[in-house]
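First up is the structure itself, then whatever we jot down about it.
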Amino acid sequence: MPLMRCSYCGTRANITLNEVDRRSLQGQGYVLHTCTNCGGQTHWEPTLDKPTLAGAAPQGAGPRVLLIDDDDAILQIIGKALSLAHCDVETANSARSAAMLLARGDYDVILSDIRMPEFNGIQLFEFLDQHLPECKDRVIFLTGDTGTQSTAEFLEKSKAPYMTKPVDIPKLLEMVRSFSPGK
């Protein structure tokens, strides 16, 4: 029974895999299972963590990272790279769901897209400034939108570090490690 993680909310659970699940995991990298936290069928991915007590970080774990993007492919690619680099990664496909995770958890690094529907990365940053100011200095933006004036002005004003998409994974890992508590 592998330890799996809901890619939507980050819930972790040991899941018994049937043959269909095994083929799905091999071919797509995830399985569909019901998440009691999200309330529906979600993508579950294997974690590299050893089973732990609920909410406890594995011994010797790397930085806890919250990855926020409305593009599932970005979440999967960057999430996998971070996991392979021994980061404890949780993902959110919207800034609104990320705000809920941030209210419940403590993250060393917050990687956020800027352009997302409804509640975007800029609004998330403003939310952090008002409600969780200790988190604001942990944000690294990942964006393909540096060409618009409003994004460029925000990045300059906020002084938040950022990387343009497509993301250079080795440079991103270096930035994430620089935010690590033991660094």
Side-chain angles (χ1 to χ4, degrees), residues 3-13 35 37-38 42-72 74-116 118-143 154-155 158-163 165 167-183:
L3 182 63
M4 305 287 283
R5 179 181 57 80
C6 173
S7 64
Y8 182 74
C9 72
T11 297
R12 294 166 193 267
C35 179
N37 194 36
C38 297
T42 58
H43 291 182
W44 286 74
E45 302 166 340
T47 69
L48 299 176
D49 302 341
K50 296 177 183 143
T52 61
L53 297 173
Q59 291 295 329
R64 289 200 67 218
V65 179
L66 177 58
L67 174 60
I68 310 156
D69 204 298
D70 60 321
D71 184 333
D72 286 337
I74 299 282
L75 291 176
Q76 288 181 348
I77 292 166
I78 295 176
K80 184 171 218 155
L82 290 165
S83 291
L84 289 172
H86 307 292
C87 296
D88 181 15
V89 183
E90 290 192 53
T91 60
N93 63 5
S94 73
R96 190 169 311 285
S97 61
M100 288 186 285
L101 290 171
L102 285 161
R104 292 190 318 226
D106 187 30
Y107 300 91
D108 300 309
V109 183
I110 302 161
L111 301 174
S112 179
D113 188 12
I114 289 181
R115 294 287 171 220
M116 293 179 280
E118 295 177 28
F119 189 60
N120 64 36
I122 295 171
Q123 291 166 312
L124 176 65
F125 195 76
E126 291 166 351
F127 170 84
L128 293 175
D129 189 36
Q130 292 176 10
H131 302 286
L132 298 166
E134 68 278 6
C135 294
K136 194 175 80 168
D137 295 332
R138 302 176 196 171
V139 176
I140 300 171
F141 285 104
L142 309 176
T143 185
F154 166 73
L155 289 170
S158 71
K159 306 264 190 264
Y162 69 94
M163 291 191 74
K165 293 179 184 175
V167 173
D168 180 328
I169 298 292
K171 284 185 181 177
L172 177 63
L173 294 174
E174 189 177 309
M175 286 179 81
V176 167
R177 284 186 197 108
S178 74
F179 279 68
S180 297
K183 183 80 177 159

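Owing to the predicted nature of the structure, the values given are computational and were not obtained by experimental measurement. Heavy atoms only: backbone and side chains are in, while hydrogens, waters and symmetry mates are out. Position 1 is the first residue of the sequence; numbering continues from there.
Using a 4.5 Å cut-off on side-chain heavy atoms (C-beta onward), Leu155 and Ile114 make contact. Arg138 is not listed as a side-chain neighbour of Asp108, based on a closest heavy-atom distance of 4.5 Å or more. Annotation: side chain of Asp71 is not in contact with side chain of Asp113 (no heavy-atom distance under 4.5 Å).
The two residues Thr91 and Val89 come nearest to each other via the heavy atoms CG2-CG1, 4.2 Å. Counting all heavy atoms, side chain and backbone alike, Ala103 lies closest to Leu132 at N-CD1, 4.3 Å. Heavy atoms only, all atoms of each residue included: Ser112 and Gly121 are closest at OG-CA, 4.0 Å. Contact detail for Asp168 and Met163: the closest heavy-atom pair is O-CE, 3.5 Å. Considering all non-hydrogen atoms of both residues, Cys135 and Leu128 come closest at CB-CD2, 4.0 Å. The nearest pair of heavy atoms linking Leu75 to Ala92 is CD2-O, 3.8 Å.
For the atom pair CD1 of Ile74 and CG of Asn93, the computed distance is 13.0 Å after rounding to the nearest 0.5 Å. The CD1 atom of Ile68 sits 12.0 Å away from the CD1 atom of Ile78 when rounded to the nearest 0.5 Å. Distance check: Asp88 CG to Leu66 CG gives 11.0 Å after rounding to the nearest 0.5 Å. Taken to the nearest 0.5 Å, the CD atom of Gln76 stands 11.0 Å off from the CG atom of Leu67. Note that the NZ atom of Lys136 and the CD atom of Gln130 stand 10.5 Å from one another [nearest 0.5 Å]. Rounding to the nearest 0.5 Å places CG of Asp137 at 10.0 Å from CD1 of Ile110.
Asp70 places no side-chain N or O within donor-acceptor distance of the main-chain N or O of Ser94, the cut-off being under 3.5 Å. Side chain of Ser178 to main chain of Met175: a donor-acceptor pair is present (N/O by atom type, distance under 3.5 Å, no hydrogens or angles).
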Are Leu142 and Leu172 close enough, and set up right, to give a side chain to side chain contact (heavy atoms under 4.5 Å, CB included), and what steps lead you there?
CA-CA 9 Å; Leu142 309 176; Leu172 177 63; 3.9 Å; yes
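Applying the 6.0 Å contact sphere to OH of Tyr162 captures no more than 12 heavy atoms from other residues, nucleotides or ligands. The 12-atom threshold is not exceeded at CD of Glu118, counting heavy atoms of other residues, nucleotides or ligands nearer than 6.0 Å.
The pair Lys165-Asp69 counts as a salt bridge, with a side-chain nitrogen and a carboxylate oxygen less than 4.0 angstrom apart.
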